Amino acid sequence: MSKKIQAIRGMNDLLPSESNLWLALEETINQLLISYGYKYCRTPIVENTETFSRAIGEVTDIVEKEMYTWKDLSGESLTLRPEATAGIVRMMIEHNLPREGIQKVFYHGPMFRHERPQKGRYRQFHQVDVEVFGTYDAKIDAELIDITNTLWKLIGINNASLEINSLGSSETRSSYKKLLQNYFIDNKSQLDEDSLRRLTTNPLRILDSKNSEMEALIESAPKMIDHLDDESDEHFSAFKNYLDCLEIPYSINPRLVRGLDYYNRTVFEWISNDLGAQGTICGGGRYDGLVEKMGGNPTPAIGFAIGIERLVLLIKDQPNKLQKNKPHLYFVALGESAQTTSMKLSRDIHSAMPDIIITNDMSMGSLKNQMKKANKSNADFALILGEEELSNNQISIKPLKGQGDQQLIKLEGIIQHLQEIL
């Protein structure tokens with residue numbers, strides 16, 4: 001007996017029974033972003049490896065350990081995207097979009113990282129990515145926070161907390177890195193293996209260590225927020241003023257550095273304690289130097305990413321907050337003439353009432369068998385069409401949830417009747 005084929009570990013199926021919540025969530029996010037003036041875009045799942053190594057940084061965990069990379073037949077090194085920002089920056093440069101003015105875009109789709117799967121962290125995962133190109137003003141930083149805060153309210157997340165920080169300019173960040181590196185060198189004996197590796201390559205990432213034995217050491221480390229240049233300090237103050245104006249609570253987390261090399265100035269994360277260790281549901285910040293670093297003209301930029309799987313974990317027990325129950329009809333047709341008539345009638349009802357759900361029974365079974373399936377379908381009404389109904393130019397409509405008696409309706413009047421009762 002041949003071995004059963006299974007999905008790759010950490011790459012999960014979305015089953016039909018689970019899809020309504022995903023579709024409702026994605027639609028809610030799409031409509032919210034469109035209402036704020038953002039436009040949808042799409043980039044390839046596969047990019048040249050250099051797109052990510054240049055953008056993310058050669059000495060990040062993603063590039064060093066987590067990317068799915070291979071040599072193409074042409075000899076090019078290709079990679080499944082581990083995040084979306086680099087590809088969107090490449091798109092902006094390739095099509096010279098910033099010259100047309102401020103670009104506000106969003107995208108959602110699968111990302112890929114080769115890491116140990118756990119709750120809320122998978123090898124194929126899905127993100128909504130929102131990016132803005134062309135403005136330095138802290139007002140746009142606050143708008144992104146406002147959008148996410150509005151989203152939590154729309155989908156019923158009540159306990160997300162906002163953490164913010166500033167990483168300053170690239171120059172002050174470079175000076176701060178040296179200061180931090182010297183501090184950790186002086187305390188080298190207290191560093192774990194991972195931090196020792198990062199000491200010479202990316203000392204900022206040590207601040208993000210989850211090793212509880214290093215907590216006191218990290219807490220006493222010099223803080224970036226205390227070494228900001230004047231412009232970054234003013235920018236951060238303006239950002240906080242906007243948040244105060246919007247009445248969005250936040251806390252300043254000096255250890256918040258994010259995991260990618262391209263960030264500067266504003267960085268932020270939304271955290272939920274309901275997810276345990278994988279508590280970040282949204283993260284982002286500014287990357288004003290990335291477009292130029294990747295070959296484009298100097299262009300300020302900021303963005304964030306939201307993990308869809310993590311949102312689903314948070315709201316799956318309260319789908320009624322998000323999903324609108326659409327009217328559902330189940331068509332029971334008996335005999336060949338009834339089958340063809342029911343198909344045409346289904347088309348006409350859909351044309352007049354596009355939000356309605358219609359299930360056509362395809363079994364050609366008896367009335368009893370078709371009604372049994374209608375009752376299991378969770379439909380609101382069964383539309384029953386047999387030889388007797390056809391001969392009288394009628395159709396029978398039967399409530400399936402106990403809200404009234406079965407009725408006979410003229411075929412030409414069924415759409416009007418449905419519009420009145422649904």
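Because the structure is a prediction, the values reported are computed rather than measured.
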Practice task
Spell out, as yes or no, whether a donor-acceptor pair under 3.5 Å connects the side chain of Arg81 to the backbone of Pro110.
Solution key: yes

Fill in the blank from the handout: To the nearest 0.5 Å, atom CZ of Arg99 lies from atom CG of Asn297 at 10.5 Å

Practice task
Please confirm whether the backbone N or O of Pro300 pairs with a side-chain atom of Arg286, one donor and one acceptor, at under 3.5 Å?
Solution key: no

Practice task
Output all residues satisfying side-chain contact (heavy atoms from CB on, under 4.5 Å) with Ala338, sequence neighbours left out; order by chain, then residue number.
Solution key: Ala333, Leu385, Leu390

Exercise for the section: Would you mind checking if Glu18 and Lys316 are paired as a salt bridge, meaning a charged N to carboxylate O distance below 4.0 Å? Expected result: no

Show me the donor-acceptor pairs within less than 3.5 Å that the side chains of residues 411-422 make with the rest of the protein, sequence neighbours left out.
unit_1: Glu412; atom_1: OE1; unit_2: Asn393; atom_2: ND2; d: 2.8
unit_1: Gln416; atom_1: NE2; unit_2: Glu420; atom_2: OE2; d: 3.3

Fill in the blank from the handout: dist His114:NE2 -> Ile8:CD1 (nearest 0.5 Å) comes out at 9.0 Å

Exercise for the section: Give the minimum heavy-atom separation between Gln103 and Glu100, together with the two atoms involved. Expected result: NE2-CB, 3.9 Å

Practice task
Take Lys240 and Ile164 through the test side chain to side chain contact (heavy atoms under 4.5 Å, CB included) and record every step on the way to the result.
Solution key: CA-CA 9 Å; Lys240 290 184 290 182; Ile164 65 173; 4.0 Å; yes

Fill in the blank from the handout: Smallest heavy-atom separation, Ala374 atom then Leu400 atom, equals O-CD1, 3.6 Å

Handout entry: Polar contact flag, side-chain donor to acceptor under 3.5 angstrom, Asp229-Ser232
Key = yes

Practice task
Could you label the plane-to-plane angle of the Tyr40 and His108 rings as parallel, tilted or perpendicular, counting under 30° as parallel and over 60° as perpendicular?
Solution key: tilted

Exercise answer: donor-acceptor pairs, residues 351-368 side-chain atoms, under 3.5 Å, sequence neighbours excluded:
unit_1: Ser351; atom_1: OG; unit_2: Arg347; atom_2: O; d: 3.0
unit_1: Thr359; atom_1: OG1; unit_2: His328; atom_2: NE2; d: 2.9
unit_1: Asn360; atom_1: OD1; unit_2: Ser346; atom_2: OG; d: 3.3
unit_1: Asn360; atom_1: ND2; unit_2: Ser346; atom_2: OG; d: 3.0
unit_1: Asp361; atom_1: OD1; unit_2: Ser363; atom_2: N; d: 2.8
unit_1: Asp361; atom_1: OD1; unit_2: Ser363; atom_2: OG; d: 2.5
unit_1: Asp361; atom_1: OD2; unit_2: Tyr330; atom_2: OH; d: 2.6
unit_1: Asp361; atom_1: OD2; unit_2: Lys373; atom_2: NZ; d: 3.4
unit_1: Ser363; atom_1: OG; unit_2: Gly365; atom_2: N; d: 3.2
unit_1: Ser363; atom_1: OG; unit_2: Lys373; atom_2: NZ; d: 2.8
unit_1: Ser366; atom_1: OG; unit_2: Asn369; atom_2: N; d: 3.2
unit_1: Ser366; atom_1: OG; unit_2: Asn369; atom_2: ND2; d: 3.4

Handout entry: Spacing of OG1 belonging to Thr49 relative to CE belonging to Met67, to within rounding of 0.5 Å
Key = 5.5 Å

Fill in the blank from the handout: Here the gap from Phe268 atom CZ to Glu163 atom CD, rounded to the nearest 0.5 Å, amounts to 12.5 Å

Fill in the blank from the handout: Interatomic distance, CD1@Ile225 vs CG@Leu167, rounded to 0.5 Å, equals 8.5 Å

